[in-house]
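In each ligand, atom 1 is the first atom listed, and ligand 1 is the first ligand listed. Throughout, numbering of the chain's residues begins at 1 and tracks the sequence. Everything numeric here is computed off the predicted structure, so don't read it as measured data.
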Amino acid sequence: MSKILVTGGAGYIGSHTCVELIDAGHELLVIDNLSNSSIESLSRVEQITGKPVTFEQIDIRDARALNQLFDSHTFDAVIHFAGLKAVGESCELPLEYYHNNVSGTLNLCLTMKAHNCRNLVFSSSATVYGDPASLPIAENFPLSATNPYGRSKLIIEEMLGDLHRADSAWNILLLRYFNPAGAHPSGLIGEDPNGVPNNLLPYISQVAIGKLEQLRVFGGDYDTLDGTGVRDYIHVVDLAKGHLKALQKLQQQPGCKAYNLGVGNGYSVLQMVQAYANASGKKIPYQIVDRRPGDIASCYADASLAAQELGWSAELGLDEMVRDGWNWQQKNPDGFG
Ligand code: NAD
Ligand code: WQD
């Protein structure tokens, strides 16, 4: 057992990871500024696990609060989810994204360094591969960014690489998530987007439940099996379990290393629509419209490095993702309320 600080732990991926960490016997402290989440998610984590969750409402940009926290607790490692993640919004508010994601992470690392905590798991993203030259995408592919959100992840990855080069006592795992989907099978926690969802599966869910009229499929003329975009959707519970493996890996003092967390194959938008319609028994009306600027045709992981070096691979498939996503949507039509 070890004591883990989870930043952004009230959010979608963070809350699912808290469940797995608690079930595995870790002691947690969660911080979150609740800018994109509800404290209710952590009550649900308590319900699922039957264990209390220690929470403090802290913004990672608040150096004083972070220092006070580290003064009163000794953490073996930090799992760092806190960040803003909407690509479109990042184009409108680049400074806010760099401030939140880059300055926030810088602040966190300075505090960790000052308190001699040098084990970090960072939520990166497949977006750091930009428009890949070939598929599947391996960790050694060239990195690039096409929007401020992606660039914030890239800058952080580079900053963390520099940190390890300067002081090899740091152990840092950069987990590059592909497209997280689904929800906890209990239906108690899941994705609760603010306003109209940007991402495909929350959007489809809201069409299925009747909150949105129809899905706009962004582009029907890509060079893919049916012309619509292909992505590597990964069940959020599988993703959460990847963090347990990452914590184990940190004990081997790996230095700074990046791992893809994806399934290793992709589904098209229309395949996702069909799967969701089958799981929900609902019709998902859709219309094919223009491509969304910045989108790429296909994106899926070479997931073999995580399998070899973390002992992790996805166990759940598309059926479980849509089944659990629909279960969460039905039980919580207004999210956490
Ligand atoms: P989320 O918005 O549900 O969770 C992020 C949490 O961080 C939220 O609870 C939010 O309130 C909190 N937060 C944001 N800024 C903060 C700050 N300054 N101080 C403290 N807390 C703050 O998002 P998620 O989907 O759970 O994503 C978690 C992480 O994974 C993010 O870093 C995101 O960029 C990354 N990621 C997400 C996806 C995805 O598609 N969901 C894909 C790849 C990477
Ligand atoms: C998936 C597919 C769309 C909505 C984004 C970020 C990425 C990462 C994951 C954080 C694409 C199509 C979508 C809709 C549609 N996040 N689509 N109609 O763009 O692969 O990745 O989230 O790191 O950085 O860019 O995910 O869910 O938005 O789109 O047709 O209303 O669904 O064109 O092919 P994306 P997504």
From the candidates F218, Y203, Y149, Y286, the one that places a heavy atom nearest atom 14 (C) of ligand 2: F218
Would you please say whether a donor-acceptor pair under 3.5 Å links the side chains of Y97 and E89? yes
Can you find a pair of side-chain heavy atoms, one from L270 and one from Y286, that are under 4.5 Å apart? yes
With a sphere of 6.0 Å drawn around CG of D167, does it hold more than 12 non-hydrogen atoms of other residues, nucleotides or ligands? yes
With distance as the sole test, does N260 use its side chain to make a donor-acceptor pair with the main-chain N or O of D302 at under 3.5 Å? yes
Salt bridge check: are D334 and K211 linked by an N-O gap of less than 4.0 Å? yes
Region of L201 engaging ligand 2 - heavy atom pairs below 4.0 Å: neither
of all protein heavy atoms, closest to atom 12 (C) of ligand 2 is V269 CG2, 3.6 Å
Do the non-hydrogen side-chain atoms of C18 and V6 ever get within less than 4.5 Å of each other? yes
For ligand 2, indicate whether the residue L215 contacts it via side chain, backbone, both or neither (heavy-atom separation under 4.0 Å). side chain
closest protein heavy atom to atom 35 (P) of ligand 2 is N179 ND2, 3.6 Å
Considering only the protein, which heavy-atom contact is closest to atom 11 (C) of ligand 2, and what is its distance? R231 NH2, 3.7 Å
Quick test: of every protein heavy atom, which one is nearest to atom 19 (O) of ligand 2, and how far off is it to 0.1 Å? R292 NH2, 2.8 Å
Just jot down the ligand 2 atoms closer than 4.0 angstrom to any heavy atom of V217, in number order. 30 (O)
Please determine whether a side-chain nitrogen of the Lys or Arg among E40 and R44 lies less than 4.0 Å from a carboxylate oxygen of the Asp or Glu. yes
To check your reading of the model: name the closest protein heavy atom to atom 18 (N) of ligand 2, its residue, and the distance in Å. R216 O, 2.7 Å
Note the single closest protein heavy atom to atom 3 (C) of ligand 2, along with its residue, its atom name and the distance in Å. D295 OD2, 3.5 Å
Tell me the contacting part of M272 for ligand 2: side chain, backbone, both, or neither, using a 4.0 Å heavy-atom threshold, strictly below. neither
For F336, I'd like to know if atom CZ has over 12 heavy atoms of other residues, nucleotides or ligands within 6.0 Å. yes
Provide, to 0.1 Å, the distance between atom 5 (C) of ligand 2 and the closest protein heavy atom, together with that atom's residue and name. N199 ND2, 3.7 Å
Tell me, please: is Y233 in heavy-atom contact with ligand 2, that is, under 4.0 Å? yes
Side chain to side chain contact (heavy atoms under 4.5 Å, CB included) for V237 and E315? Distances and angles first, verdict last. CA-CA 9 Å; V237 171; E315 289 170 353; over 6 Å; no
Taking only non-hydrogen atoms of T127 and a 4.0 Å limit, the atoms of ligand 2 in range are 24 (O)
State whether D238 and K241 are salt-bridged, where the test is any N-O pair (Lys NZ or Arg NE/NH1/NH2 against Asp/Glu carboxylate O) under 4.0 Å. no
Carboxylate-amine/guanidinium contact R291 D221, below 4.0 Å: yes
Can you work out which protein residues put a heavy atom within less than 4.0 Å of ligand 1? G8, A10, G11, Y12, I13, D32, N33, L34, S35, N36, S37, I58, D59, I60, R61, F81, A82, G83, K85, N100, S123, S124, S125, Y149, K153, Y177, F178, P180
Specify the protein heavy atom at minimum distance from atom 8 (C) of ligand 2: its residue, its atom name, and the distance to 0.1 Å. S125 OG, 4.0 Å
Using distance alone, decide if ligand 2 has a nitrogen or oxygen within less than 3.5 Å of any nitrogen or oxygen in L200. yes
Give the C-alpha distance, both sets of side-chain angles, the deciding distance and a yes or no for side chain to side chain contact (heavy atoms under 4.5 Å, CB included) between L143 and R176. CA-CA 12 Å; L143 305 181; R176 296 178 180 153; 3.6 Å; yes
Taking the six-membered ring for Trp, are the ring centroids of F70 and F75 within less than 6.0 Å of each other? yes
Does V87 approach ligand 2 within less than 4.0 angstrom via side chain, backbone, both or neither, non-hydrogen atoms only? side chain
Side chain to side chain contact (heavy atoms under 4.5 Å, CB included) between E96 and N100, intermediate numbers included: CA-CA 6 Å; E96 284 76 359; N100 200 84; 6.0 Å; no
If we number the atoms of ligand 2 from 1 as shown, the ones under 4.0 Å from a heavy atom of N198 are 4 (C), 28 (O)
Is it true that, when you exclude D290 itself, more than 12 heavy atoms of the residues, nucleotides or ligands shown sit nearer than 6.0 Å to its CG? no
